[in-house]
Amino acid sequence: MPDTRIELLRYDATGVIAAYGEEFRQRLAGIAPALDAARREVVDEAAAWSRRDPVPPLKVPLDAGFIDLPDRLLADYNGPNRSESELYRIIAAARRLAESVDRVVVLGIGGSYMGARALFEACCHPYWNELSRANRHGCPRLYFEGNNLDNDAAQGLLDLLVRGAGTTGDDAAGRRWGIVVISKSGGTLETAIAFRTFLAALEQSGGDVPSLVIPVTDLAWDDKKNDHKSLLYRLTKDLGCRDTFEVPDGVGGRFSVFTAVGLLPAALLGLDVVKLLEGAAAMNRHFREAPAQDNVVLQYVGVGHLAETRHGATIRALATWGKSLEAAGLWYDQLLSESLGKNGRGATPLTVVNTRDLHSRGQQHQDGRRDKLITNLIVEGVRQDRLRVEPREGDRDQLNWLAGKTIPEALAAATKGTNLAYNTASRPTADLTLAQTEEASIGQLLQMLMLATVIEGRLIGINPYGQPGVEDYKRNMKSLLH
Ligand code: PA5
């Protein structure tokens with residue numbers, strides 16, 4: 001039964017067809033069978049993964065576990081043994097930590113933090129960390145580290161957490177902090193170094209470390225080493241951490257936002273993780289059931305693929321209108337780059353925040369090289385009261401002609417005006433429209449983009465999972481440090 005409470009996001013590629021001509025529309029219809037076939041393979045793969053079928057030896061290993069994950073988590077949570085479900089455990093652990101600390105540092109890099117940051121920026125108050133605890137509904141402030149090797153940034157955060165800089169007025173409770181450390185492999189150097197540093201600081205602060213540190217990592221056993229694979233798990237097991245979460249087998253880093261990797265930080269922020277998963281599950285249903293010509297995922301892939309292969313649009317700009325989806329754009333940059341940027345192929349993603357970047361990139365997008373497909377990410381609703389341009393006596397800045405217009409009206413005019421300008425210059429522009437920046441919409445968006453990436457991988461014969469190219473820098477860095 002479709003979930004009628006959830007308004008599905010919409011994809012409209014008429015601006016791309018207008019730029020490339022009717023032939024494009026025909027080509028798009030022409031690749032529907034290939035898109036359908038890719039969908040069948042992906043759906044079959046997800047089903048085979050759920051059954052834990054052995055993978056045929058000649059096929060590349062595919063981490064299809066993320067596809068059904070939202071449905072599985074919800075089914076367990078809504079089933080008879082709710083208190084044993086993963087989602088229940090995540091919510092309970094988040095509540096426990098949120099009650100005992102006022103600041104949480106999320107340590108992780110790449111797929112191990114970008115999803116959480118996307119959820120944070122999309123769904124929380126834009127100045128969350130500056131709000132009082134009451135205005136944060138008793139939830140902690142959230143910081144991201146372990147995603148770089150930046151001495152001053154790490155010291156700056158330690159200033160806040162340990163040395164109390166900038167915490168005037170906070171009582172002792174306000175100074176308590178904890179760590180969520182996320183690494184699937186458990187060996188990524190940036191995160192491991194940060195964890196050592198922040199763990200030592202936490203130990204010195206005298207708190208109950210096992211209850212203040214929550215690791216999220218691979219829990220698998222390594223027969224050869226006769227120990228757990230993840231070095232992070234080995235360390236946190238010795239610490240006796242009270243809660244530990246697994247990045248499940250078959251779910252890769254950048255596809256892990258709907259595991260504890262994204263859900264635990266989201267729950268710490270008081271976000272409705274059930275709605276988030278319901279949004280993702282609604283997108284799964286749409287993806288499986290809607291015919292290719294109405295299928296948001298397949299249409300998005302078809303348009304991007306044809307624009308790239310037929311018209312040289314190798315750059316995919318995701319233009320978010322408003323600020324709250326910038327981190328979601330950066331999450332997608334990583335998803336697309338690491339998944340399809342292989343064997344000399346793969347489009348280059350670019351996150352754009354408008355109207356801000358109209359004043360930095362707009363010239364090039366209007367007039368520069370014809371190598372870009374622009375997808376507007378438009379949010380229909382706003383979460384706060386609409387600000388209006390007020391009339392002003394004297395009208396010295398000559399703005400009274402706008403009096404009464406709201407900021408959302410001005411943004412809509414900028415979006416429409418930009419589309420018109422791009423359209424006149426035959427710049428291909430599509431619209432992806434969300435009802436709101438809240439959990440159900442964001443859940444759909446993230447699942448849609450993950451599915452699209454996997455489908456496109458199928459279409460161009462690239463395994464979207466794994467990132468073998470990243471290993472080279474890691475090897476070099478380690479040998480230089482020895
Ligand atoms: O998508 C990926 O797999 C990567 O971006 C990883 O998330 C990133 O390299 C971090 O890896 P790990 O979670 O093993 O520390």
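Whatever order the structure lists them in is the order used to number ligands and atoms, beginning at 1.
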Visitor: Please report which non-hydrogen protein atom sits nearest to atom 8 (C) of ligand 1, along with the residue it belongs to and the distance in Å to one decimal place.
Guide: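 For this ligand atom, the closest protein heavy atom is Ile109 O, 3.6 Å.
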
Visitor: Can you confirm, on distance only, whether ligand 1 has an N/O atom lying under 3.5 Å from any N/O atom belonging to Gln467?
Guide: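 Between Gln467 and ligand 1, an N or O pair is found under 3.5 Å apart.
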
Visitor: Classify the side-chain pair Glu438/Ser441 by whether it contains a donor and acceptor separated by less than 3.5 Å.
Guide: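 Looking only at side-chain atoms, Ser441 and Glu438 do form a donor-acceptor pair, the distance falling under 3.5 Å.
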
Visitor: So for ligand 1, is Ser183 a polar contact partner (N or O within less than 3.5 Å, distance only)?
Guide: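 N/O-N/O distance below 3.5 Å exists for this pair.
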
Visitor: Touching ligand 1 at all, Thr191? Heavy atoms, strictly under 4.0 Å?
Guide: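 No, that is not the case, since the closest heavy atom of the residue is not under 4.0 Å from the ligand.
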
Visitor: Look at Glu471 together with Lys474 and state whether they make a salt bridge at an N to O cut-off of under 4.0 Å.
Guide: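 Judged by the 4.0 Å cut-off on N to carboxylate O distance, Glu471 and Lys474 do form a salt bridge.
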
Visitor: Consider ligand 1: state whether an atom of it lies below 4.0 angstrom from any non-hydrogen atom of Met114.
Guide: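 No, that is not the case, since the closest heavy atom of the residue is not under 4.0 Å from the ligand.
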
Visitor: Does either side chain, that of Asp218 or that of Ser230, offer a donor lying less than 3.5 Å from an acceptor on the other one?
Guide: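 Ser230 and Asp218 do not have a side-chain donor-acceptor pair below 3.5 Å.
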
Visitor: Out of Gly146, Ala192, Gly111, whose heavy atom sits nearest atom 7 (O) of ligand 1?
Guide: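 When every heavy atom of Gly146, Ala192, Gly111 is considered, Gly111 comes closest to atom 7 (O) of ligand 1.
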
Visitor: Can we say Asp68 and Arg288 salt-bridge, meaning some charged N sits less than 4.0 Å from an Asp/Glu carboxylate O?
Guide: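 Salt bridge present between Asp68 and Arg288.
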
Visitor: I need the atoms of ligand 1 closer than 4.0 Å to a non-hydrogen atom of Glu338, numbered in the order shown.
Guide: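 Within the 4.0 Å cut-off of Glu338, ligand 1 contributes 1 (O), 2 (C), 4 (C), 5 (O).
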
Visitor: I'd like to know if Asp102 pairs up with Arg175 as an ion pair, taking the criterion as any Lys NZ or Arg NE/NH1/NH2 lying under 4.0 Å from an Asp or Glu carboxylate oxygen.
Guide: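 No salt bridge links Asp102 with Arg175.
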
Visitor: Under a 4.0 angstrom heavy-atom cut-off, which atoms of ligand 1 come close to Gly253?
Guide: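 By the 4.0 Å cutoff, the relevant atoms are 1 (O), 2 (C), 3 (O), 7 (O).
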
Visitor: Atom 14 (O) of ligand 1: which of Ser339, Ser185, Ser337 has the nearest heavy atom?
Guide: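 That would be Ser185.
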
Visitor: Quick one: look up the protein heavy atom nearest atom 11 (O) of ligand 1 and list residue, atom name and how far away it is.
Guide: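 So the nearest neighbour among protein heavy atoms is Thr188 OG1, 3.5 Å.
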
Visitor: Taking atom types as modelled and ignoring hydrogens, do the side chains of Thr437 and Arg383 form a donor-acceptor contact shorter than 3.5 angstrom?
Guide: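 Distance-only check passes for Thr437 and Arg383.
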
Visitor: Taking only Lys NZ, Arg NE, NH1 and NH2, and the carboxylate oxygens of Asp or Glu, determine whether Glu308 and Arg316 approach each other closer than 4.0 Å.
Guide: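 Between Arg316 and Glu308 there is a salt bridge, with a charged N closer than 4.0 Å to a carboxylate O.
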
